[in-house]
Structures are given as structure tokens and as C-alpha cells.
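Below you will find the structure I want to go over with you.
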Amino acid sequence: MPHESFDATESHSRQSEFSFELGTRLRGSDGSVSNGRTGVITTPHGQIKTPAFIAVGTKATVKAILPESVAQLGAQAVLANAYHLYLQPGSDVLDAAGGLGRFMNWSGPTFTDSGGFQVMSLGSGFKKVIDMSSVDQSGPDDAVAPGKERLANVDDDGVWFKSHLNGDMHRFSPEISMKVQHEIGADIMFAFDELTTLQNSRGYQVESLERTRLWAQRCVAEHFNLTDTRASKDYQALFGVIQGAQYEDLRRQACRDLGAMSFDGFGIGGALEKENLGTIVGWCAEELPENKPRHLLGISEPDDIFTAIENGADTFDCVSPTRVARNSAFYTPHGRFNLSGRRYKTDFTPLSDECDCYTCQHYTRAYIHHLFKSKELVSHTLISIHNERFVVKMVDDARQAIEDGTFHELKEWTISRYYAGQPDPQGLQTSTR
RNA sequence: GGCAGAUUACCCGAGUGGCCAAAGGGGGCUGACUGUAAAUCAGCUGGCAACGCCUUCACUGGUUCGAAUCCAGUAUCUGCCA
């Protein structure tokens with residue numbers, strides 16, 4: 001097997017097209033040096049000032065938002081998904097189009113996720129509610145939810161996916177994910193990993209983590225191979241993904257293992273419990289090379305963002321701003337609320353009177369409420385623009401605050417306002433802006 | 001004018017003697033959503049002092065231990081015939 005003899009730690013000559021420059025170091029509230037920092041990621045398609053929130057555009061579109069609007073609202077980069085684009089329209093189409101950015105008319109930096117998330121979302125996480133009393137512990141994946149067919153099944157070499165579009169079987173492996181991601185052509189790619197769930201036992205997490213480690217080696221090998229054979233293309237950076245669930249020893253070991261490989265940066269993945277998020281990011285930040293960027297996958301709640309930044313995460317992505325927007329939820333500095341509520345029918349104020357987004361500059365809650373209730377699609381667009389702007393700006397403000405030395409004050413103020421404004425458990429309180 | 005059929009909760013629509021405060025949709029209300037199987041999903045949707053009670057299946061009156069369901073009359077609507 002060629003990848004077994006490959007030295008994944010050797011450097012690659014074309015890495016100069018990708019770089020990460022450290023900026024200001026965050027000081028702890030007691031004045032000590034912390035893991036948080038600002039920085040600048042340079043890619044062939046532009047720079048990303050970090051910390052930064054990356055807009056998710058799974059199928060080469062940030063759902064309901066034109067790329068021009070994505071740029072206007074301040075998003076610095078877009079993250080698409082290799083598995084979804086491989087299924088439709090096919091990564092060869094994106095390759096022929098000149099890459100993801102050209103295909104979707106986005107001139108800035110781009111990311112692709114490897115398909116690793118789908119190992120979980122279409123596999124053990126496929127069933128929405130896992131009833132632990134009926135979990136079959138006999139299989140290799142002990143978070144299997146019986147009673148519903150899975151669309152992803154893992155083995156040591158890769159994953160079989162059953163297409164949710166037409167039922168076709170598709171094989172994904174580290175090599176295939178790399179090939180697909182190279183064809184898609186994003187500036188930053190993620191190594192193919194296995195995402196586990198919190199329901200998996202420690203034994204399974206250990207087994208899975210070793211699989212992800214071997215896959216990481218194979219991804220690096222195949223990445224270099226493809227970089228050489230596709231030499232006319234811009235250099236694409238590769239981030240390894242740190243798993244290990246909530247276990248400190250596993251997380252630290254994963255960081256040491258992958259940190260020694262020739263990755264350009266790292267993703268921190270896994271189903272994380274909110275309470276442990278900062279701690280886990282902190283372990284990773286301590287172990288990973290300081291001069292490489294760290295992307296925390298799938299996070300956007302204000303408390304999570306601030307905690308992650310404080311503990312050393314540089315970039316984030318999340319489907320939440322656009323997904324909840326399509327279900328009528330909008331963010332405000334005082335919490336998240338459902339615009340479909342009757343109370344907004346004659347509320348002629350903007351979604352947030354502190355927001356500078358296009359939606360808030362031109363439209364009222366009452367109008368967007370009406371659009372949503374009457375199933376007019378522009379409601380999705382308007383709320384998505386707002387929500388995406390809300391998170392982008394929150395992270396931008398955090399970056400500025402690190403440089404200004406006011407991060408901890410901003411964190412305290414932002415979080416206390418946001419969660420104080422949430423409806424109480426009785427649901428009696430309405431939005432206060 | 002004659003004959004036949006209809007009338008169920010906000011709307012549509014099941015139900016044709018007790019398991020019916022009444023299926024299923026829609027609509028409405030509330031909530032959830034963290035590397036997108038997601039314009040999705042879940043709960044509630046006659047009233048109340050609520051493991052029980054009260055008022056509902058066009059209206060009025062019957063039959064029956066018991067009626068949305070059976071009978072009679074009335075009203076309205078729809079077909080066909082004159």
C-alpha cells in the first residue's frame with residue numbers, strides 16, 4: 001500500500017501559497033497569556049482575518065443568499081461540502097467550471113468539508129432521536145440506532161454511502177475525498193475523518209480515532225500526490241481534523257499525532273457538549289502547532305463562539321444562521337426569537353435596531369413575518385442575510401476586541417445580554433430589543 | 001311543484017347505536033434546530049376550578065339504559081324530473 005510507506009511529515013514546496021500569520025495574543029482576564037489570538041490566513045483567493053466566521057454553503061450556495069450579498073454582509077470565506085457536491089452535480093463539473101469559487105461566483109477564499117460529517121449525520125446520527133434503551137451494542141458502531149436504515153456505514157478503509165437523492169451506493173475513502181476536494185478546488189480542504197456521537201462508548205471512540213489518524217496520513221499522502229499531478233492549479237491547503245470526543249487523553253494524542261503530519265492547519269471536530277467546548281479547544285490549542293490555524297467545526301452560538309475564541313480557535317462555520325432563518329428564527333443582541341409568532345404581526349421595527357445588515361436597513365419584522373406566514377421565499381433570504389451578518393459581526397467584534405484589549409468585557413456584555421433576553425421557560429416573555 | 005342526496009369543530013373531511021370531544025388533512029399557536037437527507041421536525045388546537053366535569057356533529061322533538069349515528073318535522077344547499 002503506497003500510503004503506508006509515505007512520510008506524512010515531509011513538507012511540500014508549494015505551501016508558500018498558503019500562510020497563517022499570527023497577530024495579537026489574547027491576555028486572560030487576570031493578565032496571563034491565553035491561547036486566544038488574532039491572525040491572518042492567506043490563500044490564493046485572498047486573506048481571512050481571524051477570528052472569523054465562515055459562511056456555510058454546502059451545495060455551493062449559502063442557502064437563500066446571493067454570493068454578492070454574502071460578500072456584502074462581511075463574510076470572508078465560504079465552506080462547501082465535498083460529499084454533497086460529489087453527488088450533485090459531480091465534482092468533475094466543478095473542476096470543469098474552474099473550481100468552486102468560479103462556479104458559484106464567489107471570488108474570496110473557500111473551504112470544503114471532506115464528507116466526514118456525513119459519516120455521522122447519515123450513519124449513527126441518522127435517526128433523529130436515539131433511544132439508548134434499544135441501542136444495539138453488538139455492532140462495530142455502538143451508537144447504532146436500530147429501526148431505521150442508515151445511509152452511511154464505516155469500515156477501516158472508508159465509508160459506504162447510500163445516496164439520499166436516489167439510493168445509489170457510493171464509496172468514500174481518504175483518497176476519494178481528496179480527489180473530490182481537489183476537483184472542487186477550494187483553498188482549504190479538510191482531511192476525511194469519522195465524526196462520532198456522544199452516544200458512542202469510549203472503546204468505540206478509541207477505535208474511531210485510530211481510524212481517523214490512519215485516514216489523515218492517507219489524506220496527506222494523496223493530497224501531495226494530487227498537488228503534484230495537478231500542478232497548474234492553485235495550491236490547496238489541507239487541514240487535519242482532531243477528534244477524540246470529550247476525552248482529554250484522546251484529544252491530546254490526536255493533536256500530537258496529526259500535529260506532526262504536514263497539515264496546513266487543523267479542524268477541531270466532534271459532537272461537543274456545550275460545557276466542555278472551551279476545555280476541549282484549550283487542550284487542542286496547547287498541543288497543536290501554534291503557527292497553524294485552528295478551525296472549530298460547526299459552532300455559532302454566542303457563548304460557544306466567545307469560549308472557543310478565548311481558548312484558541314481561529315475560524316468557525318455553522319449551518320445554524322441560515323437553517324434557523326428558514327424556520328423563521330432571528331438573532332438579536334437579546335437572544336434568538338421566532339419571527340413566525342403572532343406578536344410580530346404589526347411590529348414595524350427592524351429585526352434588530354442595532355444591526356447594520358441590508359435586511360435591517362430596509363425591512364420590518366411585520367413585513368418579514370408576513371412573507372414567512374405566506375410562504376414567500378424572500379423571507380428566507382432576508383432573515384438569512386441578517387442572521388449571517390449577526391454572527392459574522394459578532395466574531396469580527398471579538399477580533400477587534402482582542403486587538404483593543406477589551407475581549408473579556410465584550411464577552412461578558414454580549415453573553416449576558418443575549419441569554420438574558422431569551423424567553424423564560426414559560427415562554428411568557430416576548431422580544432425586547 | 002316532484003324525486004333523490006347532503007348539512008360534523010376555524011376550513012376541508014372520516015365516522016352511520018356504546019371503544020367519540022369525535023380519524024386524517026389544511027390552517028392556527030408554541031417550541032426545537034451547532035462541519036445541512038432540513039423552506040425541516042415536534043407538541044398543542046371545544047370549554048373548565050382538568051387523572052374529572054361541562055357543552056358540541058344544521059334546528060326542534062322523539063326512540064333507546066345509551067344517539068354525530070335510528071325516527072319525525074323544520075331550515076338551507078346540491079342534482080335529476082316537470
Side-chain angles (χ1 to χ4, degrees), chain A residues 53-64 78-85 87-88 111-123 125-129 148-152 161-167 177 186 188-195 198 239 241-243 266-274 277 295-305 307-308 313 315-329 331 336-345 371-381 383-384 387 391 422-428 430:
Chain A
F53 182 72
I54 313 304
V56 173
T58 300
K59 294 191 273 191
T61 172
V62 180
K63 290 185 193 293
V78 169
L79 183 150
N81 182 280
Y83 177 68
H84 285 282
L85 291 174
L87 283 186
Q88 189 178 50
F111 292 61
T112 41
D113 186 27
S114 62
F117 180 77
Q118 280 65 38
V119 178
M120 183 282 291
S121 68
L122 301 177
F126 185 65
K127 195 173 179 182
K128 291 179 186 72
V129 178
K148 194 159 185 179
E149 186 186 8
R150 302 169 67 166
L151 298 179
F161 286 109
K162 182 172 182 175
S163 166
H164 60 279
L165 299 175
N166 62 10
S177 177
I188 296 171
M189 307 176 291
F190 286 99
F192 191 56
D193 63 322
E194 179 186 1
L195 171 51
L198 292 168
F239 283 23
V241 180
I242 306 301
Q243 293 291 348
F266 300 91
I268 301 172
L272 306 176
E273 288 167 312
K274 248 175 141 48
L277 189 146
H295 180 93
L296 181 60
L297 289 149
I299 293 297
S300 74
E301 293 291 313
D303 55 340
D304 297 334
I305 292 268
T307 300
T315 53
F316 315 87
D317 70 277
C318 196
V319 305
S320 197
T322 57
R323 179 188 287 174
V324 302
R326 292 191 303 282
N327 299 309
S328 90
Y331 296 111
R336 195 172 79 190
F337 303 96
N338 282 330
L339 189 63
S340 60
R342 180 187 291 269
R343 57 190 171 279
Y344 299 111
K345 188 170 184 178
L371 293 178
F372 188 83
K373 298 300 288 184
S374 53
K375 296 181 165 43
E376 289 294 340
L377 299 180
V378 170
S379 65
H380 300 171
T381 299
I383 307 174
S384 293
N387 285 354
V391 180
Q422 287 295 283
D424 67 55
Q426 310 304 314
L428 297 175
T430 57

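We name chains A, B, ... by the order of the sequence lines, and we start the count at 1 in each one.
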For this session: Round to a whole Å and report the spacing from CD1 of A:Ile54 to C1' of B:rU36.
Result: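 Roughly 17 Å, once rounded to whole Å.
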Exercise. Now, which nucleotide makes the Watson-Crick or G-U wobble pair with B:rA23, with each of the two distances under 3.5 Å?
Worked result: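 Answer to the pairing question: none, since B:rA23 forms no Watson-Crick or G-U pair.
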Problem set entry | Rounded C1' spacing from B:rC59 to B:rU8 in Å |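 Each nucleotide's C1' atom is 15 Å from the other's.
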For this session: For A:His295, answer base if it contacts any base atom (sugar-phosphate contacts may also be present), sugar-phosphate if it contacts only those atoms, and nothing otherwise; contact means non-hydrogen atoms under 4.0 Å.
Result: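 Answer is nothing: A:His295 stays at 4.0 Å or more from every strand.
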For this session: Report the distance from atom NZ of A:Lys274 to atom CG of A:Leu272, rounding to the nearest 0.5 Å.
Result: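 Rounded to the nearest 0.5 Å, the NZ-CG separation comes to 10.5 Å.
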Exercise. When you compare B:rC51 with B:rA22, how far apart are their P atoms, in angstrom units rounded to a whole number?
Worked result: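 Result for the P pair: 16 Å, nearest Å.
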For this session: Using whole Å, report how far NZ of A:Lys274 lies from C1' of B:rC33.
Result: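 Atom NZ in A:Lys274 sits about 12 Å away from atom C1' in B:rC33.
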For this session: May I ask you to say what A:Leu79 touches in the nucleic acid, namely base, sugar-phosphate or nothing, with a heavy-atom cut-off under 4.0 Å?
Result: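 A:Leu79: backbone/sugar contact only, no base atoms under 4.0 Å.
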Exercise. With A:Ala329, which residues qualify under side chain to side chain contact (heavy atoms under 4.5 Å, CB included), at least two apart?
Worked result: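 For A:Ala329, the residues satisfying side chain to side chain contact (heavy atoms under 4.5 Å, CB included) (neighbours in sequence not counted) are A:Val324, A:Arg336, A:Asn338.
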For this session: Considering only atom P, compute the distance from B:rU55 to B:rA21 and round it to an integer number of Å.
Result: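 Looking at atom P only, B:rU55 and B:rA21 are 13 Å apart.
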Exercise. B:rC48 and B:rU64: how far apart are their C1' atoms, nearest whole angstrom?
Worked result: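 B:rC48 and B:rU64 have their C1' atoms separated by 30 Å.
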For this session: Would you tell me if any nitrogen or oxygen in the side chain of A:Arg323 comes within less than 4.0 Å of OP1 or OP2 on B:rU34?
Result: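 Yes, such a contact exists.
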For this session: Could you tell me whether A:Leu195 contacts a base, only the sugar-phosphate backbone, or nothing, with contacts defined as non-hydrogen atoms closer than 4.0 Å?
Result: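 Since a base atom lies under 4.0 Å of A:Leu195, the category is base.
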For this session: Report yes if at least one side-chain N or O of A:Thr58 is closer than 4.0 Å to OP1 or OP2 of B:rU36; otherwise report no.
Result: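 Looking at the OP1 and OP2 atoms of B:rU36, one of them is under 4.0 Å from a side-chain N or O of A:Thr58.
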Exercise. Which whole-number value in Å describes the distance from A:Lys345 NZ to B:rU30 C1'?
Worked result: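 It is 17 Å, rounded to the nearest whole Å.
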For this session: Name the nucleic acid region contacted by A:Asn81, choosing base, sugar-phosphate or nothing; use a 4.0 angstrom heavy-atom cut-off, strictly under.
Result: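 Sugar-phosphate contact only.
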Problem set entry | Whether A:Ser177 side chain and A:Ser114 backbone form a donor-acceptor pair below 3.5 Å |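 Looks like yes, one N/O pair under 3.5 Å.
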For this session: Could you measure between the two P atoms, the one in B:rG5 and the one in B:rA42, and give it in whole Å?
Result: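 Each nucleotide's P atom is 42 Å from the other's.
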Exercise. Just checking A:Ser379: base, sugar-phosphate only, or nothing, at a heavy-atom cut-off of under 4.0 Å?
Worked result: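 Nothing, no nucleic acid heavy atom in range.
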Exercise. Among side-chain atoms of A:Ser384 and A:Asn387, is any donor-acceptor pair under 3.5 angstrom?
Worked result: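 Checked: A:Ser384/A:Asn387 side chains show no N/O donor-acceptor pair below 3.5 Å.
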Exercise. Does A:Lys63 make a side-chain donor-acceptor contact with the base of B:rU36, cut-off 3.5 Å?
Worked result: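 Side chain to base: no pair present.
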For this session: May I ask you to say what A:Asp317 touches in the nucleic acid, namely base, sugar-phosphate or nothing, with a heavy-atom cut-off under 4.0 Å?
Result: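 Sugar-phosphate contact only.
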Exercise. Is there a Watson-Crick or G-U wobble partner for B:rG61 with both distances under 3.5 Å, and if so, which one is it?
Worked result: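 When the pairing criteria are applied, B:rC71 turns out to be the nucleotide that pairs with B:rG61.
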Exercise. Should A:Gln118 be listed as having a side-chain N or O under 4.0 Å from OP1 or OP2 of B:rG35?
Worked result: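 False: A:Gln118 side-chain N/O out of range (4.0 Å or more) of B:rG35 OP1/OP2.
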For this session: Kindly label the base of B:rC11 as syn or anti, based on whether its glycosidic torsion lies within 90° of 0.
Result: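 What B:rC11 shows is an anti base, its glycosidic angle lying more than 90° from 0.
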For this session: Mind checking A:Gly270 for me? I need base, sugar-phosphate or nothing, with any heavy atom below 4.0 Å counting as a touch.
Result: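 Here A:Gly270 touches the bases of the nucleic acid.
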Exercise. According to the Watson-Crick and G-U wobble definitions, with both distances under 3.5 Å, which nucleotide is paired to B:rC80?
Worked result: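 Check on B:rC80: paired to B:rG2, both distances under 3.5 Å.
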For this session: Of all the heavy-atom pairs spanning A:Leu296 and A:Ala313, show the shortest one and how long it is.
Result: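 Looking at all heavy atoms of both residues, the shortest contact is CB-CB, 4.1 Å.
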Exercise. When rounded to the nearest Å, what value does the distance between P atoms of B:rC20 and B:rU16 take?
Worked result: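 12 Å, rounded to whole Å.
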Scan nucleotides 27-29 of chain B against the protein and return all N/O pairs shorter than 3.5 Å with their distances rounded to 0.1 Å.
from   : atom 1 : to       : atom 2 : distance (Å)
B:rC29 : OP2    : A:Lys373 : NZ     : 2.3

Problem set entry | A:Gln88: side chain to side chain contact (heavy atoms under 4.5 Å, CB included) partners, not counting sequence neighbours |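 In terms of side chain to side chain contact (heavy atoms under 4.5 Å, CB included), with neighbours along the sequence ignored, A:Gln88 is linked to A:Leu165.
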For this session: Would you kindly compare A:Asp303 and A:His380 by the position of their nearest RNA chain B nucleotide and give the one closer to the 5′ end?
Result: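 Taking each residue's closest nucleotide, the earlier one in sequence belongs to A:Asp303.
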For this session: Could you check how far CG of A:Leu87 sits from C1' of B:rU36, rounded to whole Å?
Result: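 To the nearest whole Å, that distance equals 13 Å.
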Problem set entry | For A:Phe192, ring pair (Phe, Tyr, Trp, His ring centres under 6.0 Å) partners two or more places apart |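 Here the qualifying residues are A:Phe172, A:Trp215.
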For this session: Let me know the distance between NZ of A:Lys59 and C1' of B:rA39, rounded to the nearest Å.
Result: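 So the two atoms are 12 Å apart, to the nearest Å.
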For this session: Determine the minimum heavy-atom distance between A:Thr58 and A:Leu85, stating which atoms define it.
Result: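 Residues A:Thr58 and A:Leu85, closest heavy atoms: O-CG, 3.9 Å.
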Exercise. What does B:rG46 pair with, Watson-Crick or G-U, if both distances are under 3.5 Å?
Worked result: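 Checking every strand shown, B:rG46 finds its partner in B:rC54, with both distances under 3.5 Å.
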Problem set entry | Interatomic distance, A:Arg326 CZ vs B:rA39 P [rounded to whole Å] |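 Whole-Å distance recorded here is 5 Å.
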Exercise. Under 3.5 Å, is there an N or O donor on one side and an acceptor on the other linking the side chain of A:Asp193 and the base of B:rG35?
Worked result: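 Result: at least one qualifying N/O pair found.
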Exercise. How long is the line joining CD1 of A:Ile383 and P of B:rC33, in whole Å?
Worked result: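 The answer, rounded to whole Å, is 16 Å.
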Problem set entry | Residue list, ring pair (Phe, Tyr, Trp, His ring centres under 6.0 Å) with A:His380, at least two apart or on another chain |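 Residues passing ring pair (Phe, Tyr, Trp, His ring centres under 6.0 Å) with A:His380: none at all.
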For this session: Could you let me know what B:rA32 is paired to, Watson-Crick or G-U wobble, both distances under 3.5 Å, or none if it's on its own?
Result: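 Pairing partner, where one exists within any strand: B:rU40.
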For this session: Rounded to whole angstrom, note down the P distance from B:rU69 over to B:rG62.
Result: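 Each nucleotide's P atom is 15 Å from the other's.
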For this session: Rounded to the nearest angstrom, tell me the gap between atom CG in A:Asp304 and atom P in B:rC33.
Result: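 Answer to the nearest Å: 11 Å.
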For this session: Check every strand shown and say whether A:Ala329 touches a base, only sugar-phosphate, or nothing at a heavy-atom separation below 4.0 Å.
Result: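 Result for A:Ala329 = base.
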For this session: Identify whether any heavy atom of A:Gln243 sits under 4.0 Å from a base atom; if not, whether one sits that close to sugar-phosphate; answer base, sugar-phosphate or nothing.
Result: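 Base: the residue A:Gln243, judged by heavy atoms under 4.0 Å, touches a nucleobase.
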Exercise. Think A:Asn327 has a side-chain N or O under 4.0 angstrom from the OP1 or OP2 of B:rC33?
Worked result: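 A:Asn327 to B:rC33 OP1/OP2: no side-chain N or O under 4.0 Å.
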Exercise. For A:Leu79, what residues pass the side chain to side chain contact (heavy atoms under 4.5 Å, CB included) criterion, not counting sequence neighbours?
Worked result: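 A:Leu79 satisfies side chain to side chain contact (heavy atoms under 4.5 Å, CB included) with A:Ile54, A:Phe111, A:Asp113, A:Phe190, A:His295, A:Asp317 only.
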For this session: Would you mind telling me which of B:rA39, B:rG31, B:rU36 lies closest to the side-chain atoms of A:Asn338?
Result: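 So the nucleotide nearest the side chain must be B:rG31.
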For this session: Using atom types as modelled and distance alone, determine if a side-chain donor or acceptor of A:Ser379 lies under 3.5 Å from a backbone N or O of A:Glu376.
Result: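 Indeed, once roles are kept as given, a pair shorter than 3.5 Å links the two residues.
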Exercise. With a 4.0 Å cut-off on heavy atoms, is A:Ile299 in touch with a base, just the backbone sugar-phosphate, or nothing at all?
Worked result: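 Here A:Ile299 touches the bases of the nucleic acid.
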Exercise. Which value, in whole Å, describes the distance between the P atoms of nucleotides B:rG18 and B:rA68?
Worked result: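 My reading of the P atoms in B:rG18 and B:rA68 gives 10 Å.
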